[in-house]
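A short worksheet on the structure shown next.
All residue numbers in this chain count up from 1 along the given sequence. Counting convention: from 1, in listed order, for ligands and their atoms alike. Computed from a prediction, not measured in an experiment: that's the story for all the values here.
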Amino acid sequence: MHFMTALRAAWRTRNSLLCVGLDPDPTRFPAHLHGQPDAIFRFCSAIVDATADLVCCFKPQIAYFAAQRAEDQLEALIAHIHARHPDTPVILDAKRGDIGSTAGQYAVEAFERFGADAITVNPYMGRDSVEPYLDYADKGVILLCRTSNPGGSDLQFLDVGGGERLFERVARLVADEWNASGNCSLVVGATFPAEIARVRELVGDMPLLVPGIGAQGGDIAATVQAGRSADGSGLMINSSRAILYAGADHDFAAAARRAALDTRDAINRHR
Ligand SMILES: O=C(O)c1cc(=O)[nH]c(=O)n1[C@@H]1O[C@H](COP(=O)(O)O)[C@@H](O)[C@H]1O
């Protein structure tokens, strides 16, 4: 199924704009998982099973798996989500960006090896570096636009002519030229609601991936009010650490569920 079709269905049937980010840090796992060879899979799959009915998508971050030599557990985790929660799309957060021939390999890795439904991509090497992902017309291509980190302003705020800032150019380029298959989305940080509103103005109802609530302190009300589309959806609002590490004991998955429920409801109050 097309990523956007699955996402829209999940927004509707789950009544949720929440994306749970899977950023597994073994030093923060509950004690009973320490030293277990498949601890990352066990931790993440427990969170997934406890929260799947509350989310519109999951977003595993590849660095947390690669750093622990655990790509096999990432493969198993995405296969687990597809098998147990087939209506929940998976975004592989990899923020790739390279020349076309290498990007082609990254696209195969994300979509064919890992079976992701969408990938985050850095657009700053230009169209030919993004095309190999766009060629998978039913997969989501989620391009960095206005990132949540403070240093995002260093480059993304540069005036590229006539008062237009670089992140605005990215938004316009993606909406007007790169989105021919309707499979593009943009990353805009929850820490910058004014820019979320600006991007929404530029891209119509294109879905936005919005990280930065929870651990990074972004304001949920301001994020939703700035970013919702005309029908009150249009957002994948990511929270990782605040949900994953809500509990630190045997009941960590139940604690994550409570945190996810609270976050989903807080988002829905402002739609
Ligand atoms: O592409 C992303 O997901 C992303 C973009 C961005 O601008 N800021 C950002 O925090 N992220 C990711 O979103 C997640 C945020 O995690 P928490 O701060 O723990 O909720 C991490 O996996 C980041 O890599």
Derivation of the ring pair (Phe, Tyr, Trp, His ring centres under 6.0 Å) call for Tyr245 and Phe252:
CA-CA 7 Å; Tyr245 309 113; Phe252 71 95; 9.3 Å; no
When you look at Cys56 and Met236, which way does the side-chain contact (heavy atoms from CB on, under 4.5 Å) test go after all the steps?
CA-CA 7 Å; Cys56 62; Met236 301 166 269; 4.3 Å; yes
Derivation and outcome, side chain to side chain donor-acceptor pair (under 3.5 Å), residues Ser240 and Gln61
CA-CA 10 Å; Ser240 305; Gln61 214 313 325; over 6 Å; no
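- Side-chain atoms of Asp53 and His85 form no donor-acceptor pair, as typed in the model, at a separation below 3.5 Å.
- Using a 4.5 Å cut-off on side-chain heavy atoms (C-beta onward), Ser233 and Arg228 make no contact.
- Screening residues 203-221 for side-chain hydrogen bond (donor to acceptor under 3.5 Å, both in side chains) gives Ser148-Gln216 as the qualifying pairs, with residues at least two apart or on separate chains.
- Of the options Leu244, Ile62, Asp93, the smallest heavy-atom separation from atom 23 (C) of ligand 1 is shown by Asp93.
- Taking every heavy atom of Val187 and a limit of under 4.0 angstrom, the matching atoms of ligand 1 come to 5 (C), 7 (O).
- Per-residue contacts place Asn238 under 4.0 angstrom from the following atoms of ligand 1 (heavy atoms of the residue considered): 13 (O), 14 (C), 15 (C).
- With respect to atom 2 (C) of ligand 1, the closest heavy atom belonging to the protein is Lys95 NZ, 3.2 Å.
- Close N/O approach between Ser240 and ligand 1 is found [any backbone or side-chain N/O within under 3.5 Å].
- The only option from Ile91, Val90, Ile40 that meets the side chain to side chain contact (heavy atoms under 4.5 Å, CB included) definition with Pro60 turns out to be Val90.
- Of all protein heavy atoms, the one lying nearest to atom 12 (C) of ligand 1 is Lys59 NZ, 3.6 Å.
- The protein heavy atom nearest to atom 7 (O) of ligand 1 is Ser148 N, 2.8 Å.
- Of the protein's non-hydrogen atoms, Gln216 NE2, 2.8 Å is the one closest to atom 10 (O) of ligand 1.
- Counting heavy atoms closer than 4.0 Å to ligand 1, residue Thr147 contributes atoms from both its backbone and its side chain.
- Considering only non-hydrogen protein atoms, atom 22 (O) of ligand 1 sits nearest to Asp23 OD2, 2.6 Å.
- For the pair Arg42 and Phe29, the NZ or CZ position fails the cation-pi test of under 6.0 Å to the six-membered ring centre and within 45 degrees of the ring normal.
- In terms of protein heavy-atom proximity, atom 19 (O) of ligand 1 is nearest to Arg241 NE, 2.6 Å.
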